[in-house]
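All residue numbers in this chain count up from 1 along the given sequence. Owing to the predicted nature of the structure, the values given are computational and were not obtained by experimental measurement.
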Amino acid sequence: MLRATKHIAHRDTTKRVNYLCNKIVVSSNAQYSTLNHRYGGASGSNNHQQQQQGGKHHYYYRNDFLAPHGPKGWTIPPNRGYGMFVVRVLRGALKLRYLLLGGAIGGGMTLNKKYEDWKDGLPDLKWLEEALPQGEKWSQFSKTLIEIGGAVKDVIEIDPRLKQLGEDKVNEWRKWFDSRLDDAIEAADYQVVANVEPRDDLKAKTTVAALGLSQDDSRRKYETLQSQVETLQTEIMNVQIKYQKELEKMEKENRELRQQFLILKQQKKSGTKKIKKSLIDMYSEVLDELSGYDTSYSMADHLPRVVVVGDQSSGKTSVLESIAKARIFPRGSGEMMTRAPVKVTLAEGPYHVAQFRDSDREYDLTKESDLSELRREVEFRMRASVRGGKTVSNEVISMTVKGPGLQRMVLVDLPGIISTMTVDMASDTKDSIHQMTKHYMSNPNAIILCIQDGSVDAERSNVTDLVMQCDPLGRRTIFVLTKVDLAEELADPDRIRKILSGKLFPMKALGYYAVVTGRGRKDDSIEAIRHYEEEFFKNSKLFQRRGVIMPHQVTSRNLSLAVSDRFWKMVRETIEQQADAFKATRFNLETEWKNNFPRLRESGRDELFDKAKGEILDEVVTLSQISAKKWEEALNDKLWDKLSNYVFENIYLPAAQSGSQNSFNTMVDIKLRQWAEQALPAKSVEAGWETLQKEFITLMEKAKKSPDHDDIFDNLKAAVVDESIRRHSWEDKAIDMLRVIQLNTLEDRFVHDKSEWDQAVKFLETSVKAKLAQTEETLSEMFGPGQFTRITHWKSLTEDQNKRRHVKNELDKILKNDDKHMPTLSYDELTTVRKNLQRENIEVDTDYIRQTWFPVYRRHFLKQALQRANDCRKAYYLYSQQGADCDINCNDVVLFWRIQQVIRVTANALRQQVINREARRLDKEIKEVLDEFSEDEEKKAHLLTGKRVTLAEELIKVRQIQEKLEEFINSLNQEK
C-alpha cells in the first residue's frame with residue numbers, strides 16, 4: 001500500500017509540474033500575441049507597413065514566433081514585451097500564493113469564530129479546575145499518560161479494518177486537497193486570461209505608437225528568449241531526474257523493508273501452513289495448463305501475455321533480462337541462441353531466485369555460479385527441445401523469476417526474425433519462426449513488445465511489418481528502441497526522435513520507449529548496465545533541444561512499469577470472458593461424456609495408467625501364490641523340452657550304437673559330465689526363465705477372461721510385460737550353483753527302488769515314443785502318403801517320393817538281414833543299393849541314399865529301444881541283484897533315470913530361485929518399466945487410446961483450467 005500511495009503521489013506531482021511549466025510557456029505566448037494585437041495596426045501587408053505621423057515614418061514588423069497560434073498581428077518593442085511577460089508570470093505566481101494564503105487565513109478565522117461560538121455554548125466547567133491537577137502536577141500527569149500510551153501501543157494490535165478505514169480517510173482528504181489546489185491554479189489562470197482585452201475591442205481603440213526596432217534586434221531578442229525557455233526546460237528536467245533518483249532511493253528502502261517483512265512472514269507461516277500462491281503464480285499456472293491443451297472444440301488460448309518479438313540480435317533477450325534484473329539467458333556472437341519460446345513469469349519475492357516449472361531447484365541470481373548454471377540449463381533445454389534436424393522448436397520452456405521490486409507479468413521470448421538462413425539451419429527455419437511469431441501475436445489479448453535495433457537502418461527491420469499485420473491499429477503494441485547509445489553516434493538524432501514519436505514507421509503503437517541494455521560487455525552486471533543507462537539519458541544530446549523525448553519514454557524501469565500496467569489492465573478486461581468460454585466448453589464435454597459413457601467415471605490417462613499399474617503388479621504377486629507342485633511340473637516339462645534333443649542326438653544314440661554295455665556306460669559317463677560342466681546349467685536357467693515368462697503371461701491371459709476386465713489396458717500391459725521380459729536376466733550365480741548340484745546328481749549310477757525304476761522306464765518309453773512320432777512325420781513327408789490315404793484323399797506321389805520309396809525298400813532289406821546294424825552304411829552296402837536301383841532304371845547317388853537311410857535307421861533303432869524298455873519293465877529285481885552285469889540290457893533305463901534325477905533336482909532348485917529371487921526381481925523391473933512409461937507422455941498416449949480416453953482427458957483438462965481461472969479471478973477481485 002505504501003508503494004502504491006507513493007507511486008500515485010509521484011504521478012500526481014509530475015502531472016502538476018508539467019502542467020505549471022506548460023502554463024508558463026503558453027501564458028508567455030498568449031501575452032505576446034495579445035500585445036501584438038493591442039499595439040499593432042488593423043491592416044498591413046505581408047512584409048511591412050509604413051504610416052505617416054508628424055512627418056515621421058514608423059515601421060512595424062511581424063514576428064510569427066510571438067504569436068505562433070494566433071492570427072496575423074504586429075509586434076511591439078521586445079524589451080517592453082519581455083518586461084510585461086515577466087510581470088504576467090510574477091502576477092500569476094503571486095495570485096496563486098495569495099489564493100493559498102488567503103484561503104488558509106480565511107479558513108483559520110472562520111474556524112476561530114466557530115470555536116468561540118461553541119465555547120460560549122458550553123456549560124460552566126470551573127469546578128473541574130479544582131478536581132484536575134494544575135501546573136507541574138498536570139505536566140507530570142500528562143507525561144505519565146503519554147508513557148502509558150506508548151507502552152500500550154506496542155501491545156495492542158489495531159484492527160486491520162479500522163486501520164484500513166483510517167488510511168482510506170487520509171487518502172480521501174489528500175485527494176480533496178489536491179483537487180482544491182488544482183482548482184485554485186486553474187482559477188488564477190482563468191483570471192489572467194480574462195484580464196486580456198478582446199481582440200475586437202483592441203482594434204477599435206487608438207493604436208499606441210511605440211519605438212520600432214530593427215529585424216536583427218528582434219531576432220536576437222527571439223533567440224535570447226528561446227534560450228531562456230530551453231534553459232527552463234532543462235532545469236525542469238534536471239529537477240525531475242533528481243526527484244526520480246530520490247524516489248528510487250525511497251523505493252529501494254521500501255524494497256528492503258518489504259523483503260524483511262516477506263522473510264519474517266515466510267518464516268512465521270512455514271511451520272503452520274502452506275503459503276498462499278501469489279496472483280502472478282496462479283496466472284502463470286493457468287498459462288502452463290493452456291500450453292498443453294489441445295481440443296477439437298476450437299477453443300483458443302486468448303489469455304494475455306507479453307510477447308517479445310524482434311529481429312535476430314536486436315536486443316530482445318537483453319530487454320527481458322533488464323526487466324527481470326538478472327542475466328539469465330545464454331549469449332552468442334551472432335549465433336541464434338533463442339531456439340524455443342521461453343515463458344518467464346516475473347513475481348515479487350524476498351529473494352532474487354529463478355526456478356523451472358518442472359524442477360524444484362532454485363537458482364540464486366545474486367551468485368554468479370548459479371547464474372552460469374542457469375544459463376547452461378536454459379541452453380541445454382533449448383537444444384534438447386529441437387528434434388528431427390530442426391533449428392527451432394515450439395516446445396515452451398517455462399521458468400519463474402522472483403525478486404524484490406520486480407513488476408508482476410508473464411513474458412514470452414520468441415526466436416528472432418531472420419531474413420537470411422545459414423547452411424547449418426534447417427530449410428524451414430525462416431518459415432517456422434514466422435509462423436511461431438504470428439501464432440503468438442495473433443492472440444487478440446497478447447501485448448506485443450516490438451523490439452527494434454536503433455543502431456541499424458530502420459528500413460532493414462523485418463519485425464515491424466509482421467507486427468503491423470497482426471495489430472494494424474496498434475492497440476496492444478509497445479515499441480522499444482534498443483541500443484540508443486550506439487544510435488546517437490551513428491544515426492541522425494532527428495531520425496531517432498521520429499521513431500520514438502511514431503512518425504517514421506507506418507506501424508502504430510500504444511507507446512514508444514528507448515532503452516540501453518548494455519555496453520557490449522558480457523561481464524557487465526544488471527546494476528552496472530542500469531547505471532550506464534541512466535547516465536546516458538541524463539547527458540544525451542537528444543534532450544538538449546526543443547521537442548525532445550519525454551522522460552517517461554526512456555529507461556528500462558519506465559518500460560517495465562508501462563508493460564506491467566498494460567498487462568494487468570488487459571488481464572482484468574479479458575479474464576472473465578475467457579472463464580465463461582471454458583465454462584461453456586466444460587458443459588459441452590460433460591454432456592457428451594454422459595451420453596457416451598453414462599456408467600463410467602471420467603478418468604484421464606494418468607489415472608488409467610495408475611490403475612493398470614496396480615493390476616500388473618497384482619499379477620506379479622500372484623506368481624508367488626502358484627503351488628510348488630505346479631511350478632515343478634512346469635519346470636520339468638520345459639527342461640525336458642529344452643534338453644531332449646541333446647540327450648538323444650549327442651548322448652543316447654551315439655552310446656547305444658557303441659556295440660557293448662561297457663562302452664555304452666563309459667561313453668555315457670563322459671558325455672554327461674561334459675554336458676553338466678558346460679551347456680546344461682545355462683540351458684537349465686534358460687528353461688527356468690521361459691517357464692517364469694510363460695506362467696506370468698498365462699496369468700495375464702487368465703485375467704482378461706474375468707468379468708471386470710477392462711480391455712483399454714491390454715496394449716499397455718502387453719508392452720510392459722514385453723519390455724520387462726526383455727530386460728530381465730537370471731542371476732549369474734545361479735548357473736554356478738546349478739552346475740554343482742547337477743554334477744553331484746549325475747555321479748549316482750544306481751537306481752535305488754522299484755518306484756524310481758518304474759518311473760525311469762515310463763520316462764524312457766514316453767521320450768522314445770515322442771521321438772518316434774517325430775521320425776514318422778519326417779518319413780511321411782519324405783515318402784509321401786500311404787496307399788489308403790492316396791485313395792481316400794485323391795493324392796499321388798511325386799517323382800522324388802517315388803524314388804525314395806524304392807531306396808527305402810532296399811534299405812529295409814539290409815535292416816532285415818542285420819537287426820543290430822550300425823548307424824552308418826558301408827561302402828559295399830551303398831554300392832549294392834545303387835546297383836539294385838539301376839536295374840530298376842533309378843539313378844541315385846550315395847548322398848541321396850544316406851539321406852534316406854538316416855530316418856529309416858532312426859525308426860528302426862527307436863522301435864528296438866521301446867522293446868528293450870518293455871523288457872526291462874519287470875527286470876528291476878534282476879537288476880538289483882546283478883547290477884551293471886545284468887543279463888538283460890537295461891542301460892537305457894539307467895541313463896534316463898540319471899537324466900530324470902538331474903531334471904528333478906534342477907527343477908526344484910529353479911523353483912526356489914523363482915519364488916525367492918526371480919519373482920521379486922521381475923517385480924522390480926516391471927516397476928522400473930512402469931515408472932519410465934509414466935514419465936513418457938508420448939508412450940502413454942500411444943498405449944492408452946480410444947474415444948473414452950481422449951474425451952476424459954480433454955474434460956479433465958478443461959475442468960482444471962476453468963477451476964484455476966475461477967480461483968485466479970477470485971484472488972484478482974480480492975486484490976482490487
Only one of H352, K325, R327, K402 passes side chain to side chain contact (heavy atoms under 4.5 Å, CB included) with L365, and that residue is H352
Within a reach of under 6.0 Å around NZ of K683, are more than 12 heavy atoms found that belong to other residues, nucleotides or ligands?
-> no
Nearest-0.5 Å distance that lies between atom CG in N443 and atom OG1 in T574 = 8.5 Å
Do M436 and P341 have side-chain heavy atoms sitting under 4.5 Å apart?
-> yes
Looking at E695 and A634, what are the two nearest heavy atoms and their distance?
-> OE2-CB, 3.8 Å
Got a donor-acceptor contact below 3.5 angstrom from the R921 side chain to the S729 backbone?
-> yes
Do T317 and D413 get their side chains close enough for a donor-acceptor pair, meaning under 3.5 Å?
-> yes
Is a donor on one side and an acceptor on the other found under 3.5 Å between the side chain of E362 and the backbone of Q355?
-> no
Name the orientation class of the two ring planes belonging to W730 and H728 (parallel below 30°, tilted from 30 to 60°, perpendicular beyond 60°).
-> perpendicular
Could you pull out the closest heavy-atom pair between I397 and F356, with the gap in Å?
-> CG2-CE2, 4.0 Å
Any sub-3.5 Å donor-acceptor pair from T437's side-chain atoms to I433's backbone N or O?
-> yes
Flag the pair V685 / Q913 as yes when at least one side-chain heavy-atom distance between them is below 4.5 Å, and no otherwise.
-> no
Parallel, tilted or perpendicular: ring planes of Y283 versus F968, cut at 30 and 60 degrees | tilted
Salt bridge (charged side-chain N to carboxylate O under 4.0 Å, His left out) between E690 and K642, worked out | CA-CA 10 Å; E690 290 180 2; K642 300 285 288 185; 3.3 Å; yes
Return yes if some donor-acceptor pair links the side-chain N/O of N916 with the main-chain N/O of Q912 below 3.5 Å, else return no.
-> yes
Exceeds 12 heavy-atom contacts within 6.0 angstrom, atom CD of Q577 = no
Do E590 and R959 touch side chain to side chain, with heavy atoms closer than 4.5 Å?
-> yes
Side-chain contact, heavy-atom cut-off 4.5 Å: I417 with H434?
-> yes
Examine distances only and state if a side-chain atom of K940 and a backbone atom of S934 form a donor-acceptor pair shorter than 3.5 Å.
-> yes
Ignoring hydrogens and angles, tell me if any N or O in the side chain of D641 forms a donor-acceptor pair with the backbone of D637 under 3.5 Å.
-> no
Compare every heavy atom of D370 with every heavy atom of R361, then report the nearest pair and how far apart it is.
-> NH2-OD1, 4.1 Å
